[in-house]
Protein chains: 2
Amino acid sequence: MQTSDDTALDLTARPLRIERAALHDKIVERLHDLITEGGLEPGERINERELAERLAVSRTPLREALRVLAAEKLVTISPNYGTFVTRMTRQEIHDTFELMSALERFSGELASLRITAEELADVREAHEAMLGHWQRHDLPAYYHANQRIHDLINRAARNDALRQTYLSLNRRLHPLRLSSNRSEAKWRKAVEEHRDMMSALEARDGPALGALMERHLLEKRDAVLADWADG
Amino acid sequence: MQTSDDTALDLTARPLRIERAALHDKIVERLHDLITEGGLEPGERINERELAERLAVSRTPLREALRVLAAEKLVTISPNYGTFVTRMTRQEIHDTFELMSALERFSGELASLRITAEELADVREAHEAMLGHWQRHDLPAYYHANQRIHDLINRAARNDALRQTYLSLNRRLHPLRLSSNRSEAKWRKAVEEHRDMMSALEARDGPALGALMERHLLEKRDAVLADWADG
DNA sequence: ATATTGCGTAATGAATGCAAAAAACAATGT
DNA sequence: ACATTGTTTTTTGCATTCATTACGCAATAT
């Protein structure tokens, strides 16, 4: 079935390089996981030699990886002193959530304009799943579905710069191991807001969805800061 | 006048380290400048050995700096192949400006709530200066004053995460050497919009200022993309 | 003549070694 | 007993060296 002008991969096409991940990039990924999953606690000192041994690499690529993580503010480097897993201040947490609220609003506005029918069905599906987890009081599954909804809307906005920035800020907040929705009432309220968001999205009402998502995140900000001990 | 409990610097206080910039951090700064000021052109290949010689450092700290710049998307690294000054695609430029428009709107909204009288006076001063440069057709000075206005508003928003993100995106766009306002009419329109923005800010009308700033940037996006040859 | 294969060269990637800075500890003096 | 100073040890910072990969050119075969 092969002909000279079919759709098979054209190996003569120019750059199309196979990018085998470099070691330092793999280390970045590994440390991302360690930090966001809790293998490295906020405030913890990172000993280069020790960590290099644990990862079975030399200090050189590890140091390159740590510089990347510092640029993403996941670790904080003090020259000639040491590297630490970033511990955000109250103000930084406040500011980051506030910025996220603006990105969420923008995601909602753009997604309302650009989402396809299939994507909308995916969001609806994740939404229904989330409602189920809520009724079953399955908090971890609820969080996961929640994240998925916001991610789907973010993708539907079709703006990669927005998406990258959003993910980067999300990674910074993740190590906090956020514990809101601790009261039944607040949880119910969050679910109600999601119902409204779903309606606005299906009506493709950008301003409404944007306002809802912004408000949703600002409430999360307040909830997180409320039960966050400053130590 | 020295007493035991005066306000002099307490040298016994704990970390308070003097952070002497490390070499790789200086290299990052230097390359920032080289890229945004045009010493390194978009698309240009970076030869590690050669650049290390030019900067009179070894490849190790240079490589660390390049990883940081890659995290900021100012350079693009292809493993085992080479490092290049990032050349943005049309889509990336579109997305980045679009995201910037959201950040500008948010800056405007927050600044309207939080700006002090002194800061407002500074903005007014920069605004008047910009008008002067416009009347004298001094484009470089106009750009500078323009940047200063947006920067002052951004600072007045009092959100460091917003500010850092804004500056990072700005750096990415800077190497494009943007040339809009090429027609007298568009320039005049931009100035008019700035007058409106100034009024909204002085009236502390957040929604109005936000909407104006968003629109202002989206128009800039369109202008830039309009006279941007894809090669 | 063109395409392909093989070799030499130059680039990037990573590990090791050495210098400098800081922290921890011990010793000494008050 | 406490503070202070000197010494040792640890850790970070950078340069150098070695390994691996990719590119360029020539030689050869079709």
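Keep in mind that this is a model prediction, so the values were computed, not measured. Here is how names work: the chains are called A, B, and so on, in the same order as the sequence lines, proteins then strands, and each is numbered from 1.
The shortest distance between the side-chain N/O atoms of B:R63 and the OP1/OP2 oxygens of C:dG13 is below 4.0 Å. B:H24 has no side-chain polar atom (N or O) that falls below the 4.0 Å cut-off from OP1 or OP2 of D:dG13.
Salt-bridge check for A:E64 with A:K26: failed, with every basic side-chain N at 4.0 Å or more from each acidic carboxylate O.
Projected onto DNA chain C by closest heavy-atom contact, B:T83 and A:T60 fall at different nucleotides, the more 5' of which corresponds to B:T83.
The closest side-chain heavy-atom distance from B:V57 to B:R30 is not below 4.5 Å. Side-chain atoms of B:E72 and B:H32, non-hydrogen and from C-beta on, do get closer than 4.5 Å to each other. By the 4.5 Å heavy-atom criterion applied to side chains, A:D95 and B:L162 are not counted as neighbours.
You'll find that the side chain of A:L23 is closest to C:dA14, out of C:dA14, D:dA22, C:dA22. For B:S58, counting side-chain heavy atoms from C-beta on, the closest listed nucleotide (C:dG13, D:dT16, C:dA23) is D:dT16.
Between B:E104 and B:H150, the side chains place a donor N or O and an acceptor N or O closer than 3.5 Å (distance only, hydrogens not considered).
Contacts with DNA chain C (heavy atom under 4.0 Å) in residues 43-53 of chain A: none are found.
Spacing between atom CG of A:N80 and atom P of C:dA23 amounts to 10 Å, rounded to whole angstrom units. Here D:dT16 presents its P atom at 12 Å from CZ of B:R59, a figure rounded to the nearest Å. Atom pair B:I77:CD1 and C:dG13:C1' shows a separation of 12 Å (rounding to whole Å applied).
For the pair B:R45 and B:Y81, the cation-pi criterion (under 6.0 Å, within 45° of the ring axis) is fulfilled.
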